[in-house]
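These notes concern the structure reproduced below.
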Amino acid sequence: MTAFMITLRLVHILLGVFWAGTIFFLVIFLEPSVRAAGPEGARVMRGLQQRKFLNVMPVVAAFTILSGIALYWRMSAGFTSAWMSAPVGISMTVGGVASLLAFAVGVFVMRRASLRAAGLGPTLQQSPEGTERDALMVEIQALRTRARRSARVVAVLLAIAVAAMAVGRYL
C-alpha cells in the first residue's frame with residue numbers, strides 16, 4: 001500500500017469516525033438533554049453555533065465523502081463493474097450511497113432547519129405576547145422537530161455506512 005493510500009485511508013477513517021460519532025452523540029445524548037433543559041438548552045445550542053458546529057460538520061462530511069470516493073476509485077480500478085458487482089464492491093457501494101444520503105439530509109434538511117430555528121430565536125425574544133409570538137413559537141418548534149427527526153435519519157444512514165464499510169472488506 002502506498003503512502004498516498006495510507007494517508008487517504010487515515011483521512012477517510014478519522015473524519016468518518018468524527019462525523020458519525022458526533023451525530024450519534026448528538027442524537028442519543030445531546031439533543032434529548034438540551035430539549036429536557038427547556039429554555040436553558042437554547043444556550044447550549046447557541047454555544048454550538050458560535051463555535052461554528054453547523055459549518056464544521058458539513059466540511060468534515062464532505063472531506064470524508066471525497067476521500068471515500070478516491071478510495072472507491074482506487075479499490076475498484078476506476079469503477080470497474082466486476083469489482084462493483086462483487087460482495088466487497090456492493091458493500092462499499094451501499095456504504096457510499098448511505099453516506100451521500102446522510103450528507104444530503106444533514107445539509108439540506110437538518111442544518112437548514114436548525115439555522116432557521118436559531119435565526120428566529122432573537123425575533124421571538126423581541127416580540128410581544130400575542131398571536132405573532134405564538135406563531136413564531138409554533139414555527140420554531142416545528143423546525144426543531146424537523147431537525148431532530150432528520151438528525152435521526154442521518155444517524156441511521158451513517159450507521160448503515162459504517163457497518164457496510166467495516167465488514168465490506170471481509171466479504
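A quick note: this is a predicted structure, and the numbers were derived from the prediction, not measured. Computed from heavy atoms alone, side chains included, the values below leave out hydrogens, waters and symmetry copies.
Cluster annotation: V94 is not connected to V162 through the hydrophobic network of ILVMFWY side chains, with a link wherever side-chain heavy atoms come within less than 4.5 Å. No single ILVMFWY cluster, assembled from side-chain heavy atoms under 4.5 Å apart, contains both I90 and W73. I13 and V88 fall into different hydrophobic clusters, where Ile, Leu, Val, Met, Phe, Trp and Tyr residues are linked whenever their side-chain heavy atoms come under 4.5 Å apart, directly or through other members. V27 and V17 fall into different hydrophobic clusters, where Ile, Leu, Val, Met, Phe, Trp and Tyr residues are linked whenever their side-chain heavy atoms come under 4.5 Å apart, directly or through other members. Connection of L8 to L10 is established within a shared hydrophobic cluster, with ILVMFWY side chains joined at heavy-atom distances below 4.5 Å, either directly or through further cluster members.
Within the 4.5 Å cutoff, no side-chain heavy atoms of F29 are placed close to those of F24. A 4.5 Å side-chain heavy-atom check between W83 and M92 finds at least one atom pair inside the cut-off. A 4.5 Å side-chain heavy-atom check between F53 and T22 finds at least one atom pair inside the cut-off. Side chains of R35 and R144 form no contact here, defined as non-hydrogen atoms less than 4.5 Å apart. The shortest distance between side-chain heavy atoms of L48 and L54 does not fall below 4.5 Å. Using a 4.5 Å heavy-atom cutoff, the side chains of R149 and V109 are not in contact. Under the 4.5 Å side-chain criterion, counting only non-hydrogen atoms from C-beta, V56 is in contact with V60. Two residues are said to be in side-chain contact when any heavy atoms from C-beta on lie closer than 4.5 Å; I23 and M110 meet this criterion.
How far CG of L136 is from CG of L120: 6.0 Å, rounded to the nearest 0.5 Å. Within the model, atoms CD of Q49 and CG of N55 stand 8.5 Å from one another, a figure rounded to the nearest 0.5 Å. Note that CD of E31 and CZ of F25 are 11.5 Å apart. Values are rounded to the nearest 0.5 Å. With values rounded to the nearest 0.5 angstrom, M75 atom CE is found 6.0 Å from R169 atom CZ. Atom-to-atom distance recorded for Q141:CD and R146:CZ is 14.0 Å, nearest 0.5 angstrom. Here L71 contributes atom CG and M165 contributes atom CE; the two are 9.5 Å apart, rounded to the nearest 0.5 Å.
Heavy-atom minimum distance, V44 versus L30: CG1-CD1, 4.3 Å. Annotation for S67 and T64: closest pair OG-O, 3.0 Å, computed over non-hydrogen atoms. Minimum interatomic distance between I65 and S99 (heavy atoms only, all atoms of both residues): CD1-O, 3.9 Å. Closest non-hydrogen pair, A117 versus L143, comes out as N-CD1, 3.7 Å. The two residues S91 and G168 make their nearest non-hydrogen contact at OG-CA, 3.2 Å. Here the closest non-hydrogen pair linking A102 and V154 is O-CG2, 3.6 Å.
Side chain of R51 to main chain of G47: a donor-acceptor pair is present (N/O by atom type, distance under 3.5 Å, no hydrogens or angles).
Within 6.0 Å of atom CE in M137, 12 or fewer heavy atoms from other residues, nucleotides or ligands are found, so the atom counts as exposed in its surroundings.
Relative ring orientation between F79 and Y72 is described as tilted, the plane-to-plane angle lying within the 30° to 60° band.
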